[in-house]
Amino acid sequence: MKTDPDRPIPPGSTIGIMGSGQLGRMTALAAARLGYRCHVFSPEADSPAEHVAAATVAPYTDRAALKRFARDVDVVTFEFENVPHDCVKLLSERVCVRPSWECLHISQDRLREKNYMASIGVPTAACAEVTSANALTRAAANLGRPAVLKTTRLGYDGKGQVMVKADTDPQAAWAEMGAEVGILESFIDFEREISVIVARTPDGQSVAFDPVENRHVNHILDTTIAPAPISAALAQEAVDIAGRIAQSMDLIGLLAVEMFVTRQSGILVNEIAPRPHNSGHWTIDACVTSQFEQFVRAICGLPLGSPERHSDAVMKNLIGTDVEDWREHLSDGGAKVHLYGKAETRSGRKMGHVTRLFAKGSEPTP
Ligand code: AMP
């Protein structure tokens with residue numbers, strides 16, 4: 001049944017989540033604390049969120065399963081960008097979907113995302129669409145080298161990314177990227193990477209968590225430092241940019257905005273994600289309201305909680321076999337250990353995370 005957009009979706013209702021990974025799992029845990037049920041929809045069986053929520057296991061394109069799902073839930077959201085946007089569109093004809101499928105659509109494609117940022121005056125790395133090795137040669141001549149060639153779709157954690165250096169053969173780079181359309185971006189010699197997560201309600205109220213610094217290893221988030229060691233003015237600028245994007249998209253839910261801080265041109269937006277984000281996991285243990293609870297509050301039209309940070313924090317991802325050290329982490333009484341219950345450990349797979357808390361203002365280092 002379609003929800004009246006002006007009314008809160010009360011505790012006791014069922015939140016439908018497209019995707020069933022760790023973000024869905026942590027959302028379902030936060031939702032349960034507020035008295036909600038969750039029902040996840042994904043093609044994968046035995047996934048992290050299915051251990052803590054009702055589940056439909058079906059392809060995203062299974063229209064009959066989508067229609068049944070729409071009947072069984074009071075609001076639909078997603079925890080994963082690569083859900084086909086037309087299936088989310090179909091759901092939105094039957095049930096309230098937050099954020100809207102249009103927000104998902106913008107964030108699913110790097111070119112569309114960059115064009116959207118340009119249209120609202122948000123600075124990003126210079127970039128060009130490329131559809132062949134010859135086009136890549138021309139784009140690299142225009143943008144300069146080094147540059148980064150990325151797939152426009154289905155890329156995450158550095159998958160589908162190729163550095164185009166002074167001596168890189170464009171034919172080889174094009175073949176390595178392996179998609180029919182790509183985006184070439186200027187390589188940004190950044191000082192640091194930061195992100196901001198902003199929550200926005202159906203009536204346009206928004207609050208943000210403190211900007212954090214993110215350090216990547218092999219293009220995968222390794223460590224988040226909260227708060228980012230940046231000036232108050234820069235932090236405010238980052239929060240303002242995230243709020244401006246969420247407002248322009250009329251986003252209801254959470255928006256994570258990843259940014260580069262550069263020496264020359266200040267903040268450049270790298271990527272957005274209209275969902276909870278790995279760089280917000282520290283909020284579970286270090287803030288009055290976690291990103292997951294804030295997400296539930298925003299999509300259900302409840303008052304937002306305080307995003308205040310009561311402690312500084314360092315969050316470290318447990319990637320692949322890192323998770324085998326769980327005993328060691330658990331025997332450190334100060335470590336908050338989160339394991340995602342994934343049956344199979346694979347290289348590069350996010351298996352859990354550990355957050356360590358520090359006194360507020362102590363400027364923690366990993
Ligand atoms: P992405 O999938 O776009 O988030 O890229 C993953 C990581 O690769 C980023 O967090 C950066 O560390 C690095 N990266 C991506 N694009 C660029 C760029 N244009 N210049 C420099 N580093 C980049």
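Order of listing sets the numbers, starting from 1, for every ligand and every atom in it.
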Counting only nitrogen or oxygen atoms and a 3.5 angstrom limit, does Phe187 reach ligand 1?
no
Give a yes/no on ligand 1: does Ser186 have at least one heavy atom closer than 4.0 angstrom to it?
yes
Considering the heavy atoms of Val148, write down every atom of ligand 1 situated less than 4.0 Å from one of them.
18 (C), 19 (N)
Do the side chains of Asp222 and Arg215 get close enough for a salt bridge, i.e. N-O under 4.0 angstrom?
no
Note: Asn270, heavy atoms under 4.0 Å from ligand 1, region reported as side chain
Apply ring pair (Phe, Tyr, Trp, His ring centres under 6.0 Å) to Tyr340 and list each qualifying residue two or more places apart in sequence or on a separate chain.
His353
Element-labelled atoms of ligand 1 that are located less than 4.0 Å from some non-hydrogen atom of Lys150:
3 (O), 15 (C), 16 (N)
Out of Gln161, Glu258, Arg215, who gets a non-hydrogen atom closest to atom 2 (O) of ligand 1?
Gln161
Does any pair with a residue in residues 55-65 pass side-chain hydrogen bond (donor to acceptor under 3.5 Å, both in side chains), and if so which ones, sequence neighbours excluded?
His39-Thr56
With a cut-off of 6.0 Å (strictly less than), are more than 12 heavy atoms of other residues, nucleotides or ligands near NZ of Lys165?
no
Side chains of His338 and Asp285: do they bring a donor and an acceptor to under 3.5 Å?
yes
